[in-house]
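As structure tokens, the structure follows; a few thoughts come after it.
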Amino acid sequence: MRMKIASVIVDVPTKQTDKTFDYLIPDQWIDTIQPGMRVVVPFGPRKIQGFVTGIKIHSEFQKLREIVEPMDLEPVLNHELLELGNWLTEKTLCFKIFAFQVMLPAALKAKYEKSVELANGVKTSDLPGQLQTFFKSNSKINWEEALKSGIVPLLQREASKGHLEVLYEVKEKMKKKQLKFVSPLLSITELQDELDRLPARAEKQKEVLNFFVQNYKPVELRQLLVDLSISSATVKALVEKNFLIEQDREVYRDPYENRTFERTSPLPLTDSQQKAIQPILNSIEQKQHEVFLLYGVTGSGKTEVYLQSIREVIEKGQEAIVLVPEIALTPQMVNRFKGRFGDLVAVLHSGLSSGEKYDEWRKIQRKEVKVVVGARSAIFAPFENLGIIIIDEEHETSYKQEEMPRYHARDVAIERAKTYNCPVVLGSATPSLESFARAQKKVYQLLSLPSRMNNQSLPSVEIIDMREELRSGNRSMFSSKLFDMLKERIERKEQSVLFLNKRGHSSFVMCRDCGYVVNCPNCDISLTFHSKAGQMKCHYCGYESFVPKHCPECSSEYIRYFGTGTQKVEEELGKILPEARVIRMDVDTTGRKGAHERLLKDFQDGKADILLGTQMIAKGLDFPNITLVGVLSADTMLHLPDFRSSEKTFQLLTQVSGRAGRHELPGEVIIQTYTPEHYSVELAGTQDYDLFYSKEMMVRKSHHYPPFYYLSLITVSHEQLMAAVATTEKITAYIRSRVSDETVVLGPAASPIPRINNRYRYQCLIKYKREPDLPMTLKTILDQYQKDTASGLQVSIDINPFILM
DNA sequence: ATCAGCCGGAGA
DNA sequence: CTCCGGCTGATA
């Protein structure tokens with residue numbers, strides 16, 4: 001029996017279609033179509049994209065339709081990734097199609113086009129007059145255009161008469177980049193002969209042939225024309241004589257095309273690095289899955305441990321994935337990997353165009369690279385012989401995806417590593433409490449790098465109580481101590497970093513007189529100011545408007561946007577330290593592509609004395625001349641309604657402090673705060689992770705938070721407040737009835753953002769230690785509410801949420 | 001998601 | 001009695 005039937009997951013993200021559909025494989029494709037390929041299938045009246053998940057002989061359905069065509073020559077998802085998709089679906093309660101799509105570059109997502117054309121044998125003159133003009137020039141008209149012209153009802157009438165046909169097409173979003181190449185068709189000696197035979201006046205042609213005699217290999221046409229300053233006619237003549245041939249060749253868009261990377265060799269390891277790397281190497285050697293927590297203070301040389309572990313993996317013919325948080329995926333970081341492994345490295349981050357991402361992905365798929373360095377989604381890199389997965393800055397919250405599928409890269413890493421029997425290395429100077437607790441319980445193996453390389457001491461940290469400053473009459477944002485030290489650095493020609501701890505990267509518009517903040521009319525959230533367009537925009541619903549001239553509340557003219565605050569700091573710096581050269585890094589100054597990199601380069605080259613910025617400068621900065629780090633306001637994020645706010649504050653302060661004195665010059669850190677007595681500020685000051693860990697663990701325990709309890713969050717939204725409340729109430733009661741006494745069920749309560757896009761949001765939070773049946777219960781709830789679309793209810797579930805919104 | 005099919009109310 | 005519009009259910 002021939003395997004003629006394919007099970008397909010279709011690109012329709014709803015409950016009802018979240019299952020496989022069977023299709024006949026036409027004879028011509030029978031040897032082509034395999035599981036993991038994208039195909040175009042008919043679905044109702046349209047054509048859509050789908051993923052083949054299996055091939056079989058029998059179907060329970062009688063009348064099967066045929067696959068239209070495959071969209072790939074090779075599967076884009078291998079067996080392991082298909083399985084991983086199933087696992088993701090189960091763990092995060094998402095639709096299968098989302099799980100598959102998240103594993104692929106966005107360029108592979110289908111684009112759909114709908115149009116109308118004349119039916120077979122129908123002439124333009126058969127149509128009503130109004131339509132004839134539309135079909136005069138084109139035999140096909142775009143649906144979007146039809147909508148704009150308002151002729152849709154007419155079209156529908158004609159379609160029902162059989163005069164017109166509606167066409168549904170699946171379009172590939174991304175084209176492979178093709179370039180014209182020229183290569184010799186003759187051997188070198190033959191070329192030489194022809195060269196002599198050419199008439200003397202064919203000077204340009206001689207030049208070209210001569211070039212190929214010197215350089216016997218394919219050359220890009222455009223490049224050739226420029227290099228030899230000839231026209232395409234010259235080449236064409238030689239092609240017509242069959243001396244040369246022109247061909248289209250697929251090339252990669254290389255984001256690092258014009259960059260050279262200085263090759264580095266493995267550095268000698270310190271004793272503690274040696275001690276830390278050995279268990280990892282053993283795990284690689286013995287093909288034993290294990291999770292390591294590499295706990296190393298800032299500047300202790302974690303990266304070198306990664307690099308040498310990867311080298312081992314490559315030597316064994318295996319592959320490595322390195323995850324780095326998006327904001328730390330700086331050129332410096334990329335340099336270190338490209339410098340060590342050269343062309344064997346692919347890089348995936350949000351700064352690349354979707355075409356570039358697609359090309360990097362294909363390098364991985366074709367096994368042309370051995371290492372991928374990337375942000376969260378790089379965890380799905382289609383390697384088939386993984387030898388190690390490394391997650392740097394393991395504690396970063398950006399490893400959790402907040403949309404469907406709501407996965408955590410760490411969980412995916414461990415799942416994949418289990419399949420390949422390879423180690424996972426989680427690295428951090430300030431591990432998440434979850435990971436450290438697991439290391440304490442020996443679930444993970446703890447590896448420590450307790451000291452900085454070359455035994456530089458950690459910078460000395462001083463905490464300044466800003467309330468004292470205020471009392472002694474200093475109303476500026478700089479304490480007198482920080483001011484003195486900044487002045488001193490400038491005199492000594494050393495560099496300083498000033499860090500403004502503001503949450504998020506957004507800026508809002510506020511009235512300076514009455515404090516009125518411009519909110520979104522549809523959502524309970526302030527609008528974000530975009531300096532490029534000079535407009536305010538809502539990040540949740542897309543609402544846009546201009547900044548009002550007068551405050552709607554008090555008519556004051558002093559209504560303007562409050563940036564991240566860096567601008568204000570810059571102004572004040574200009575007043576008190578006019579001689580200081582300042583580089584400001586925030587959303588405004590780094591908006592354009594490459595700006596981030598350029599500013600850092602300028603700072604590195606000593607073009608400024610002070611680097612002033614927000615979160616984005618907390619990571620990865622490693623310049624020898626930085627001897628002072630000042631944190632202007634340590635506690636702004638401490639008061640957020642988030643159970644991780646202490647942890648985040650501690651981590652951030654520790655990270656920032658780590659920027660100072662990483663090389664010969666010793667570093668000093670000043671932390672200004674209004675709550676010096678808070679343990680997360682105090683212990684960041686003494687750089688005492690262990691003590692912070694035990695204090696914070698006590699808090700977490702008493703409040704039933706992770707790592708002692710797991711969390712699941714159910715959010716219900718509806719246009720009517722009461723409907724949202726009532727449903728949340730019902731769900732909460734249902735859950736209470738199905739969990740043990742030890743479990744805490746909170747709710748119904750309004751979400752931290754109570755309204756988004758005119759939908760009211762209520763939630764229920766579940767805190768539990770052991771609830772083997774909870775996934776089933778949650779699935780039942782989702783099934784229940786996803787089934788009826790008519791109620792207008794939306795229920796979403798986040799298992800292990802990071803943001804409780 | 002998207003569409004065909006169906007039912008019920010408003011208009012001829 | 002037709003026509004439009006919203007609701008329902010199916011998509012293999």
Side-chain angles (χ1 to χ4, degrees), chain A residues 2-27 29-30 33-35 37-71 89 94-102 106 108-117 119 128 142-144 146-147 150-171 173 403-405 718-720 723 757 782-796:
Chain A
R2 300 259 266 161
M3 308 279 268
K4 292 172 76 129
I5 293 165
S7 302
V8 175
I9 293 287
V10 294
D11 181 19
V12 181
T14 59
K15 174 89 249 152
Q16 305 164 51
T17 51
D18 186 32
K19 58 185 173 187
T20 61
F21 287 77
D22 290 346
Y23 288 89
L24 271 177
I25 306 174
D27 287 343
W29 303 120
I30 218 149
I33 288 178
Q34 295 162 52
M37 273 187 182
R38 297 173 306 146
V39 287
V40 178
V41 291
F43 199 67
R46 13 177 220 151
K47 284 188 201 121
I48 57 172
Q49 190 191 60
F51 288 89
V52 177
T53 56
I55 306 279
K56 55 189 183 178
I57 298 167
H58 291 293
S59 174
E60 290 150 49
F61 292 86
Q62 284 308 303
K63 294 186 295 261
L64 295 185
R65 297 173 76 182
E66 285 195 337
I67 287 178
V68 177
E69 61 187 11
M71 295 180 74
T89 308
C94 72
F95 301 131
K96 285 237 163 61
I97 188 69
F98 281 136
F100 291 146
Q101 261 159 195
V102 78
L108 292 184
K109 217 180 142 197
K111 226 174 59 183
Y112 298 105
E113 233 176 63
K114 186 178 173 183
S115 56
V116 184
E117 72 176 1
N142 194 292
W143 190 260
E144 311 287 305
L147 275 174
I151 52 170
V152 171
L154 267 171
L155 291 173
Q156 278 172 330
R157 201 165 308 152
E158 292 306 304
S160 65
K161 277 194 242 163
H163 289 166
L164 294 176
E165 223 164 328
V166 185
L167 226 66
Y168 299 88
E169 283 172 299
V170 182
K171 283 265 161 72
K173 215 181 217 161
E403 312 114 51
M404 281 233 254
H718 194 274
E719 284 180 10
Q720 241 70 53
N757 216 351
L782 265 188
D783 284 352
Q784 182 73 232
Y785 288 96
Q786 283 173 348
K787 228 182 272 160
D788 70 336
T789 45
S791 63
L793 281 163
Q794 268 175 32
V795 177
S796 73

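In the text below, chain A, chain B and the rest are named by the order of the sequence lines, each starting its count at 1.
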Worksheet item: Could you give the CD1-to-P distance, from I48(A) to dA1(B), as a whole number of Å?
Response: 12 Å

Item to complete: Verify, without hydrogens or angle tests, whether Y112(A) (side chain) and Q49(A) (backbone) share a donor-acceptor contact under 3.5 angstrom.
Response: yes

Worksheet item: If you write DNA chain B from 5' to 3' in dot-bracket form, with Watson-Crick or G-U pairs under 3.5 Å, [ ] for crossing pairs and | for pairs with another strand, what do you get?
Response: |||||||||||.

Discussion item. I want to check something: taking the side chain as every heavy atom from C-beta on, are I48(A) and V41(A) in contact at a cut-off of under 4.5 Å?
Written reply: yes

Worksheet item: Which part of the nucleic acid, if any, lies within contact of F61(A), taking any heavy atom under 4.0 Å across all strands shown: a base, the sugar-phosphate backbone alone, or nothing?
Response: base

Discussion item. Tell me the interatomic distance from F43(A), atom CZ, to dT2(B), atom P, rounded to whole angstroms.
Written reply: 12 Å

Worksheet entry | Y168(A) side chain near dC3(B) phosphate (N/O to OP1/OP2, under 4.0 Å) | yes

Worksheet item: Hey, does the side chain of H58(A) reach the backbone of I5(A) with a donor-acceptor pair shorter than 3.5 angstrom?
Response: no

Worksheet item: For R46(A) and dA1(B), what is the distance between atoms CZ and P respectively, to the nearest whole Å?
Response: 10 Å

Worksheet item: What are the two closest non-hydrogen atoms of S7(A) and K56(A), and how far apart are they?
Response: OG-CE, 3.4 Å

Item to complete: Using a 4.0 Å heavy-atom cut-off across all strands, classify E60(A) as base, sugar-phosphate, or nothing.
Response: nothing

Item to complete: Under 4.0 Å between any heavy atoms, over every strand shown, what does S59(A) touch: base, sugar-phosphate, or nothing? Just pick one.
Response: nothing

Worksheet entry | Short N-O contact, K109(A) and D11(A), less than 4.0 angstrom | no

Item to complete: In whole angstrom, give the distance that lies between atom CG of D11(A) and atom C1' of dT2(B).
Response: 13 Å

Practice prompt. Could you tell me whether a side-chain N or O of Y168(A) sits under 3.5 Å from a main-chain N or O of S115(A), the two making a donor and an acceptor?
Written response: no

Fill in: Main-chain N/O of L108(A) paired to R38(A) side chain as donor or acceptor, under 3.5 Å
yes

Practice prompt. Look at the side chain of T20(A) and the backbone N and O of I9(A), then say whether any donor-acceptor pair between them is shorter than 3.5 Å.
Written response: no

Worksheet item: Taking NZ from K15(A) and C1' from dT2(B), how many angstroms apart are they, rounded to a whole number?
Response: 19 Å

Worksheet item: Can the ring centroids of F21(A) and F43(A) be said to lie less than 6.0 angstrom from one another?
Response: yes

Worksheet item: When you list every nucleotide of DNA chain C with an atom under 4.0 Å from a heavy atom of chain A, which one comes first 5' to 3', and which comes last?
Response: dT8(C) to dA12(C)

